[in-house]
2 protein chains.
Amino acid sequence: MTKTDSPDPEGLMLPVPGVDYGALDGLLGYALRRAQNALYLDFYRATAEWDVSPQRFAALVLIARNPGMRQGLLGQAMGLHRSGALRLTDWLTAQGWAERRDAPDDARAWGLYLTAAGKRRLAKLEAAVAEHDRALLAALGEQGAALKAGLERLAWVATAQNTAPDNKPRRQKP
Amino acid sequence: MTKTDSPDPEGLMLPVPGVDYGALDGLLGYALRRAQNALYLDFYRATAEWDVSPQRFAALVLIARNPGMRQGLLGQAMGLHRSGALRLTDWLTAQGWAERRDAPDDARAWGLYLTAAGKRRLAKLEAAVAEHDRALLAALGEQGAALKAGLERLAWVATAQNTAPDNKPRRQKP
DNA sequence: TATTGTTATACTCTATAACTATA
DNA sequence: TATAGTTATAGAGTATAACAATA
């Protein structure tokens, strides 16, 4: 008789001893992917109690700081397609954390607002996330601030290459 | 009559003027996400001609550098579940770029190898990716090397927090 | 009993396309 | 004709669970 499979989450993109990573080890992009993978898992650990993904956390913050914002603007700020912003908003309203109200100046649009429950949830999440980030920066020491500045510059540089006038036609994401 | 929707890829996680990002702007994790988003789109632009995702590119490199490697080891190296490694391998073999051969020492396992076509495709991809990375590093100047080192340290630090003996139980990825 | 790989299934994320109502 | 949001659908990506063959 075979044992029932144990849960097998993995997800840790650790370098495996004995595996040759070839060109990957030299790539800035691969280092970035490894770091993002590790931070993603760490974010989940830090917020395990509240079960909210980084994306949904970001949406809560944006709606809280920009009450009445349009669904489409939320999508634009988060790099999402309209349909993605719709599903994200659906989820937040289903949790009872956000609500759609008619926009006064445009009958086609909604204004998004956090509910009282949403504000309470966000307050807990923000505390956990801030503590998590603080612990990371502390572990990195003085390298931390430089790293954050470097990442911001990298985002800018990569975007500039992507939107340069003379580059090849852009392909859709898969 | 309504116009047919034009394609609407978006995906650019640019800061939107007039939107207040609140706590997000201060978080290392959010800076990392923005950078990864920008680099991801830039990778696609640089490799548009060959239509291979970063993940599939990494799999090609790993199989090329570790001929005969097990499917499970590929998954482990890439942070994938067994079933994910299976689907990735299925896709690579369907393209005619990789093949499964019986492992000599274990009748349950496969050894993975690139085909001649797979090696040719990888050579083109590696050239494009290396050039892409070189351009990025050049744009970053002396900050580039420090950034890469910082990312590697960040991955290590976040993993250490995640696997520390006294932390809370880990939740599954969503 | 544990491991390798498979099959089947499901959920999330994100896209495309076509549609409605409004501007 | 363009925009805000919706619906329906599809494809990655990744997970769970149960299974067979082998170790």
Side-chain angles (χ1 to χ4, degrees), chain A residues 1-13 33 37 40-41 44 51-56 58-59 68-76 78-94 100-112 170-174, chain B residues 1-13 33 37 40-41 44 51-56 58-59 68-76 78-94 100-112 170-174:
Chain A
M1 182 185 165
T2 308
K3 178 187 89 138
T4 292
D5 264 4
S6 56
D8 206 7
E10 302 187 61
L12 255 325
M13 248 180 79
R33 181 154 144 62
N37 172 262
Y40 186 79
L41 293 171
Y44 270 102
D51 205 13
V52 172
S53 71
Q55 193 190 36
R56 287 163 178 171
M69 81 189 297
R70 302 283 185 275
Q71 207 174 274
L73 182 60
L74 178 66
Q76 199 186 329
M78 299 186 60
L80 297 176
H81 190 265
R82 280 177 294 161
S83 60
L86 166 82
R87 290 174 66 114
L88 181 56
T89 306
D90 280 351
W91 187 89
L92 292 170
T93 58
R100 295 171 163 111
R101 297 185 206 156
D102 286 335
D105 56 323
D106 188 336
R108 297 171 301 181
W110 305 111
L112 301 180
R170 195 155 62 100
R171 176 163 35 108
Q172 250 63 283
K173 287 207 298 188
Chain B
M1 184 185 166
T2 308
K3 181 187 87 144
T4 292
D5 265 4
S6 56
D8 206 7
E10 303 187 57
L12 256 323
M13 248 179 79
R33 181 154 144 63
N37 171 263
Y40 186 80
L41 293 171
Y44 270 102
D51 204 13
V52 171
S53 73
Q55 191 190 37
R56 287 163 177 172
M69 82 188 298
R70 302 284 186 270
Q71 210 173 275
L73 183 61
L74 178 65
Q76 199 186 330
M78 298 186 61
L80 297 176
H81 190 267
R82 279 175 295 161
S83 59
L86 167 83
R87 289 172 66 115
L88 181 55
T89 307
D90 280 353
W91 187 87
L92 292 170
T93 57
R100 293 170 163 113
R101 298 186 205 157
D102 287 332
D105 57 323
D106 188 335
R108 296 171 302 182
W110 305 110
L112 300 180
R170 194 156 63 102
R171 174 163 39 105
Q172 249 63 281
K173 287 207 297 185

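Within every chain, numbering begins at 1; the chains are lettered A, B, ... in the order of the sequence lines, protein sequences first and strands thereafter.
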Does D/dT6 have OP1 or OP2 sitting under 4.0 Å from an N or O in the side chain of A/Trp110?
-> yes
When the distance from CG of B/Asp106 to C1' of C/dA2 is rounded to whole Å, what number comes out?
-> 12 Å
Can you tell which of D/dG5, D/dT14, C/dT7 lies closest to the side chain of B/Leu86?
-> C/dT7
Starting from the 5' end of DNA chain D, give me the residue, A/Gln71 or B/Gly84, whose nearest nucleotide shows up first.
-> A/Gln71
Side chain B/Ser83 and base D/dT16 donor-acceptor under 3.5 Å = yes
Residue A/Ala107, side-chain atoms from C-beta onward, closest of C/dT12, D/dT22, C/dA23 | C/dA23
Tell me which nucleotide among C/dT16, D/dG13, D/dT6 gets nearest to the side chain of A/His81.
-> C/dT16
Taking the side chain of B/Arg87 as its heavy atoms from C-beta onward, which of C/dT3, C/dT9, C/dT6 lies nearest to it?
-> C/dT9
Could you walk me through whether B/Arg33 and A/Gln55 pass side chain to side chain contact (heavy atoms under 4.5 Å, CB included), step by step?
-> CA-CA 10 Å; B/Arg33 181 154 144 63; A/Gln55 193 190 36; 4.3 Å; yes
A/Tyr40 OH - C/dT12 P separation (whole Å) | 12 Å
Whole-Å gap separating C1' (C/dC13) and CD (A/Gln55) = 7 Å
Looking only at side chains, do A/Gln71 and A/Arg100 share a donor and an acceptor under 3.5 Å apart?
-> yes
For atom CH2 of A/Trp91 and atom C1' of C/dC13, their distance in whole Å | 14 Å
Would you mind classifying the nucleic acid contact of B/Arg70 as base, sugar-phosphate or nothing, using non-hydrogen atoms under 4.0 angstrom?
-> sugar-phosphate
On DNA chain C, check which nucleotide each of B/Gly111 and A/Arg108 is closest to and give me the residue with the more 5' one.
-> B/Gly111
Tell me: CG of A/Leu80 to P of C/dC13, nearest whole Å?
-> 10 Å
One would report the end-axis bend of the helix from C/dT1-D/dA23 to C/dA23-D/dT1, five pairs per end and rounded to 10 degrees, as 10°
B/Arg82 side-chain proximity, nearest of D/dA18, D/dA23, D/dT14 = D/dA18
